[in-house]
2 protein chains.
Amino acid sequence: MTVKNVKFKRLRDAHTRETAEDYVEMIQELVTEQGEARLTDLAHRFGVTSVTVHKILARLQRENLIQSQPYRAIFLTDKGKKMALQSRKRHEIVYQFLRSLGVSEKIAHIDAEGIEHHVSSETLRLFEKFTPHSTKKKP
Amino acid sequence: MTVKNVKFKRLRDAHTRETAEDYVEMIQELVTEQGEARLTDLAHRFGVTSVTVHKILARLQRENLIQSQPYRAIFLTDKGKKMALQSRKRHEIVYQFLRSLGVSEKIAHIDAEGIEHHVSSETLRLFEKFTPHSTKKKP
DNA sequence: TTAGCATTTTAGCCTTGGCTAAATTCTCGG
DNA sequence: CCGAGAATTTAGCCAAGGCTAAAATGCTAA
Ligand SMILES: [Mn+2]
Ligand SMILES: [Mn+2]
Ligand SMILES: [Mn+2]
Ligand SMILES: [Mn+2]
């Protein structure tokens, strides 16, 4: 592997991580919203079948990101919680940065969902730096 | 597919589009640099085996993006050229925008390689708008 | 000219993320 | 309690993009 194609290696690795990041983020969201995440909720949110979700969850469990008993709800492990927190933070920074440029809410949501998996920490810091703080005052 | 999850737009489809974009872009680059693109060149540039390239090229030919005879060089079709041009333009805008924020060359190259596939035309226009023109003067 | 090296192709394997069909398990209203 | 409907799991299919091993083809230098 030459120095030139390191960037394509990163891209492939990013792809294998994207699914995990989106899933742990969504599981966290569901647990916060409604106390637990069910397979069916995930299928609805991602717009795929329950079978697809089931197989992805098997991988995430194998990778020690989630924990669940057969026919029961899904919860994040400590490792999963850590990834979810980082992913959510990254997602939010990218989204707010796009909004600050003037990207519409709808498009910012769509683009952030993809971009979030490809921003290095260096780029992320710069996105933060150039996002005006909202400094919302209490009314 | 509800309106809520359009943003998750079938990860697999997104990935197959990304591969096509990177390949036609690279083929165009090789044709410009050295008159033709060979399978081996692509394998070297992407850091994968020639077998992997061969299979991807079969798909691209099936999708009418490239054209080639057995054991000969690979060329873009008109459709492929169109995609390559758009991809190259997008790639360049993303790269220059990241550089203008202060992202290092190395990291900007890596991040642009991933981000380029996830920026809508709306976001792209705003990236352009906020990238200072280089206005390099002749010495 | 041709032998050997380089390139391309074929065969066959794997993992991931899609799907449908069907079996299993759970849960809740009557 | 119990059965129906909902949720989950299993089985089996597909395509894409990875790989190694080996066969086929192309090319060039001696
Ligand atoms: Mn996300
Ligand atoms: Mn995402
Ligand atoms: Mn590119
Ligand atoms: Mn790319």
Side-chain angles (χ1 to χ4, degrees), chain A residues 1 5-27 30 34-63 65-75 113-114 117, chain B residues 1-2 5-27 30 34-75 113-114 117:
Chain A
M1 178 84 78
N5 47 40
V6 142
K7 62 171 177 284
F8 295 109
K9 176 74 161 57
R10 297 280 166 94
L11 186 54
R12 284 193 301 276
D13 292 349
H15 288 172
T16 68
R17 236 177 324 105
E18 282 178 32
T19 305
E21 289 177 350
D22 284 343
Y23 271 70
V24 296
E25 206 183 327
M26 188 66 87
I27 290 164
L30 286 163
Q34 49 192 50
E36 61 172 29
R38 304 295 313 209
L39 186 148
T40 301
D41 302 329
L42 291 166
H44 288 157
R45 298 275 180 117
F46 286 118
V48 297
T49 66
S50 52
V51 179
T52 296
V53 173
H54 188 261
K55 277 173 64 167
I56 289 171
L57 292 179
R59 172 169 80 86
L60 300 185
Q61 188 145 21
R62 205 170 65 233
E63 290 172 3
L65 288 165
I66 66 168
Q67 189 279 322
S68 93
Q69 301 299 317
Y71 295 95
R72 314 301 298 276
I74 300 111
F75 296 97
E113 197 57 68
H117 309 285
Chain B
M1 180 87 82
T2 70
N5 48 39
V6 284
K7 64 168 173 290
F8 295 110
K9 56 174 188 267
R10 291 293 157 32
L11 267 289
R12 284 207 72 41
D13 291 350
H15 290 171
T16 66
R17 197 176 32 76
E18 288 177 29
T19 302
E21 289 175 352
D22 284 342
Y23 271 70
V24 296
E25 206 183 326
M26 187 67 88
I27 289 165
L30 285 164
Q34 48 191 49
E36 60 174 29
R38 304 295 313 209
L39 185 147
T40 301
D41 301 330
L42 291 166
H44 288 157
R45 298 273 180 118
F46 287 118
V48 297
T49 66
S50 52
V51 179
T52 296
V53 173
H54 188 261
K55 276 173 66 167
I56 290 171
L57 292 179
R59 172 171 77 85
L60 299 184
Q61 189 146 23
R62 204 170 65 232
E63 290 172 2
N64 196 34
L65 288 165
I66 66 168
Q67 189 279 322
S68 94
Q69 300 299 317
Y71 295 95
R72 314 300 299 271
I74 300 110
F75 296 97
E113 198 57 69
H117 309 286

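So you know, we letter chains A, B, ... as the sequences are listed, proteins then strands, and number each from 1.
The distance between atom CG of L57(A) and atom C1' of dT10(D), rounded to the nearest whole Å, is 15 Å. Taking atom CG of residue D41(A) and atom P of nucleotide dA6(D), one finds them 15 Å apart after rounding to whole Å. Between the CD atom of E18(A) and the C1' atom of dT16(C) there is a distance of 12 Å, rounded to whole Å. Whole-Å rounding puts the L65(A) CG to dT16(C) P distance at 13 Å. The separation between D22(A) atom CG and dG17(C) atom C1' is 13 Å, rounded to whole Å. The separation between L60(A) atom CG and dT15(C) atom P is 16 Å, rounded to whole Å. Atom CD in E36(B) sits about 13 Å away from atom C1' in dG26(D), given to the nearest Å. When the P atom of dG17(C) is taken as reference, atom CD of E21(A) falls 12 Å away, rounded to whole Å.
Comparing R72(B) and A73(A) by the nucleotide of DNA chain D whose heavy atom lies nearest to each, the residue mapping closer to the 5' end is A73(A).
By the side-chain hydrogen bond (donor to acceptor under 3.5 Å, both in side chains) test, E25(A) is found to be paired with H91(A), residues two or more places apart in sequence or in another chain being considered. Evaluation of the salt bridge (Lys or Arg N to Asp or Glu O under 4.0 Å) rule for E21(A) yields R17(A), R90(A) as partners, not counting sequence neighbours. T49(A) meets the side-chain hydrogen bond (donor to acceptor under 3.5 Å, both in side chains) test with T52(A); sequence neighbours excluded.
For residues 61-75 of chain B, every residue pair satisfying the side-chain hydrogen bond (donor to acceptor under 3.5 Å, both in side chains) rule, not counting sequence neighbours, is listed here: R59(B)-E63(B).
In this structure, the side chains of I74(A) and L60(A) stay at 4.5 Å or more apart for every pair of heavy atoms. Residues D22(B) and H117(B) form a side-chain contact, since some pair of their non-hydrogen atoms from C-beta on lies under 4.5 Å apart. Contact annotation: the side chain of I56(B) never approaches that of L42(B) to less than 4.5 Å [non-hydrogen atoms, C-beta and beyond].
Annotation: the terminal axes of the helix from dT1(C)-dA30(D) to dG30(C)-dC1(D) meet at 10°, where each axis is the rotation carrying the C1' atoms of four end pairs onto the next four (5 pairs per end, rounded to 10°).
For H54(A) and dT9(D), the shortest distance from a side-chain N or O to OP1 or OP2 is below 4.0 Å.
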Contact string for nucleotides 14-25 of chain D, one letter per nucleotide 5' to 3', B = base within protein heavy-atom range under 4.0 Å, S = sugar-phosphate only, - = neither, reads -BBBBBBB--BS
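Rounding to the nearest 0.5 Å places CD of E36(B) at 7.5 Å from CG of D41(B).
Not one N or O on the side chain of T19(A) forms a donor-acceptor pair closer than 3.5 Å with the backbone of H15(A).
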